[in-house]
Amino acid sequence: MSRIPWRDRIARAGQLAETIPSASEVMRFYQALLAEQESWCRPGELTGALIEDRFPRLLDFLGRNASPEVAADARAIAAAGPMRWESIVHGYWAGGGSPDDEFFARAFLAPYAEAVCTEPVGPVPDTIVLCPCCGRRPVVSVLRQEYEGARRSLVCSLCNWEWKFRRILCASCREEEFGVLPVYSAAEFPHIRIETCRSCNCYLLSIDMTRDLAAVPASDDIAALPLHIWARDQGYNRIQANMLGM
């Protein structure tokens, strides 16, 4: 399918900061992070030289703009030097790494992954639960108008690729029994649903763009923190945390 342009994600984050007071601070930070990421979204080999060139820019940005705790961690990582930076980046890129480093790795690798992970060749089955471009888990589900109804798709948590996915199917364990896949909603977010699975106790937010054409899935997902809190209070685990760890 496609990826939503950077400018649209940045603009939507700013709009949500204005319209959802409870999410204003986090959306302003996310908007600034997106703008920073876009500035070095260029293809290239994931070499030590590339990491030494770009990773300090991210750490400097976080040291100036993130929460006190994240800013302190960013400064400590910056002081640790290139070997530490490469360990963080390569560890996550290879599918491992420390959970404590995940935010820094994802924030750095997301624009890189968008630049180097190309569109899949040939049709992609609508039951694939991992991104066909980079192999990562989905972060959010989307409903888009199609003919007289709506089709569902998933958005990658790293490279932001969107691919078609079956409507009645768990995006984690592939459960397909309708009765164990309840969907919930809240009046506060009329265009967002909580898709859950009682088989694996996982959940995913679904952004219904037939209700709000201006929505940008990854941005709206971050702004809907109360829905994440509710889902977790009900005993559901998120399939994949978003960029900010929510």
Ser141 and Arg152: CA distance, side-chain angles, deciding distance, side-chain hydrogen bond (donor to acceptor under 3.5 Å, both in side chains) verdict: CA-CA 7 Å; Ser141 172; Arg152 183 186 183 203; 3.2 Å; yes
Step-by-step side chain to side chain contact (heavy atoms under 4.5 Å, CB included) determination, Tyr30 to Leu34: CA-CA 6 Å; Tyr30 182 58; Leu34 287 171; 3.5 Å; yes
Candidate pair Cys117 and Arg3, rule side chain to side chain contact (heavy atoms under 4.5 Å, CB included), full reasoning: CA-CA 11 Å; Cys117 294; Arg3 296 183 176 98; 3.8 Å; yes
Derivation and outcome, salt bridge (charged side-chain N to carboxylate O under 4.0 Å, His left out), residues Asp126 and Arg151: CA-CA 11 Å; Asp126 64 1; Arg151 63 166 170 77; over 6 Å; no
Chi angles and distances behind the side chain to side chain contact (heavy atoms under 4.5 Å, CB included) call for Val183, Thr196: CA-CA 6 Å; Val183 175; Thr196 68; over 6 Å; no
CA sep, side-chain torsions, deciding dist, call: Asn65, Leu33, side chain to side chain contact (heavy atoms under 4.5 Å, CB included): CA-CA 9 Å; Asn65 296 280; Leu33 176 60; over 6 Å; no
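Gln234 contributes no side-chain N or O that, together with a main-chain N or O of Tyr236, makes up a donor-acceptor pair within less than 3.5 Å. In this structure a side-chain-to-backbone donor-acceptor pair under 3.5 Å is present from Arg9 to Ile4. Using a distance-only test at 3.5 Å, with no hydrogens or angles considered, no donor-acceptor pair links the side chain of His228 to the main chain of Leu205. Checked by atom type and distance alone, the side chain of Glu195 never pairs as donor or acceptor with a backbone atom of Tyr203 at under 3.5 Å. Proximity of a side-chain donor or acceptor of Arg174 to a complementary backbone N or O of Thr127 within less than 3.5 Å is detected. Side-chain N or O atoms of Trp163 include none that pairs as donor or acceptor with a backbone N or O of Leu154 at under 3.5 Å. Arg75 places no side-chain N or O within donor-acceptor distance of the main-chain N or O of Val70, the cut-off being under 3.5 Å. Of the possible donor and acceptor atoms, none in the side chain of Arg137 sits under 3.5 Å from a partner among the backbone N and O of Cys156. In this structure, Arg106 contributes its side chain and Asn242 its backbone to a donor-acceptor pair below 3.5 Å. In terms of modelled atom types and a separation under 3.5 Å, the side chain of Arg136 and the main chain of Cys159 share no donor-acceptor contact.
At most 12 heavy atoms of other shown residues, nucleotides or ligands fall within 6.0 angstrom of atom CZ in Arg7.
Between Trp161 atom CH2 and Glu119 atom CD the span is 4.0 Å, to the nearest 0.5 Å. Expressed to the nearest 0.5 Å, how far CD1 of Ile10 lies from CD of Glu36 amounts to 10.5 Å. Here OG of Ser172 is found 12.5 Å from CZ of Arg238. Values are rounded to the nearest 0.5 Å. With rounding to the nearest 0.5 angstrom, the CZ atom of Arg167 is 9.5 Å from the CZ atom of Phe178. Of the inter-residue distances, the one linking Ser39 atom OG with Arg54 atom CZ reads 9.5 Å to the nearest 0.5 angstrom. For the atom pair Arg193 CZ and Leu204 CG, the distance stands at 11.0 Å (nearest 0.5 Å).
Note: the hydrophobic cluster containing Ile77 also contains Phe61 (ILVMFWY, side chain heavy atoms under 4.5 Å, direct or indirect links). Val216 and Leu16 fall into different hydrophobic clusters, where Ile, Leu, Val, Met, Phe, Trp and Tyr side chains are chained together by heavy-atom contacts under 4.5 Å. Cluster membership for Ile229 and Met243, using ILVMFWY side-chain heavy atoms within less than 4.5 angstrom, is shared.
Using a 4.5 Å heavy-atom cutoff, the side chains of Ile20 and Met27 are not in contact. The shortest distance between side-chain heavy atoms of Cys173 and Cys202 does not fall below 4.5 Å. Counting only heavy atoms from C-beta outward, the side chains of Glu175 and Leu181 approach each other to under 4.5 Å. Inter-residue side-chain proximity for Asp208 and Ile192 is flagged as unmet; no heavy-atom pair is nearer than 4.5 Å. Using a 4.5 Å cut-off on side-chain heavy atoms (C-beta onward), Glu52 and Glu86 make contact. Considering only heavy atoms from C-beta on, Ser206 comes within 4.5 Å of Leu143 through its side chain. Looking only at side-chain heavy atoms (C-beta outward), Leu109 and Leu46 come within less than 4.5 Å of each other. Considering only heavy atoms from C-beta on, Leu58 comes within 4.5 Å of Leu62 through its side chain.
Using a 30° and 60° split on the angle between ring planes, Phe55 and Phe108 fall in the perpendicular class, above 60°.
Nearest heavy-atom pair across Met209 and Ala215 is CE-O, 3.1 Å. The heavy-atom pair separating Ala13 from Ser219 by the smallest distance is N-OG, 4.2 Å. Residue Trp85 comes nearest to Ala78 through the heavy atom pair CZ2-O, 3.4 Å, listed as atom of the first residue, atom of the second, then distance. Nearest heavy-atom pair across Asn160 and Val155 is OD1-CG1, 3.6 Å. Of all heavy-atom pairs between Ile128 and Val124, the closest is CG1-CG1, 4.0 Å. Contact between Gln37 and Ala110 at its shortest, heavy atoms only, is NE2-CB, 4.0 Å.
A cation-pi contact, defined as under 6.0 Å to the ring centre and within 45° of the axis, is absent between Arg144 and Phe165.
We find that Asp220 and Arg12 are joined by a salt bridge, their nearest charged nitrogen and carboxylate oxygen being less than 4.0 Å apart. Of the charged side-chain nitrogens involved, at least one lies within less than 4.0 Å of a carboxylate oxygen, so that Arg166 and Glu176 count as a salt-bridged pair. For the pair Arg84 and Asp101, the salt-bridge criterion is met [side-chain N within less than 4.0 Å of a carboxylate O]. Between Arg57 and Asp60 there is no salt bridge, since no side-chain nitrogen of the basic residue lies less than 4.0 Å from a carboxylate oxygen of the acidic one.
Screening residues 180-202 for ring pair (Phe, Tyr, Trp, His ring centres under 6.0 Å) gives Tyr184-Trp230 as the qualifying pairs, with residues at least two apart or on separate chains.
Using a 3.5 Å distance cut-off with no hydrogens or angles, the side chains of Gln145 and Thr210 do not pair a donor with an acceptor. Remark: the Asn237 side chain and the Asn201 side chain contain no N/O donor-acceptor pair separated by less than 3.5 Å.
Taking the six-membered ring for Trp and the full ring otherwise, the centers of Tyr112 and Trp93 sit less than 6.0 Å from each other.
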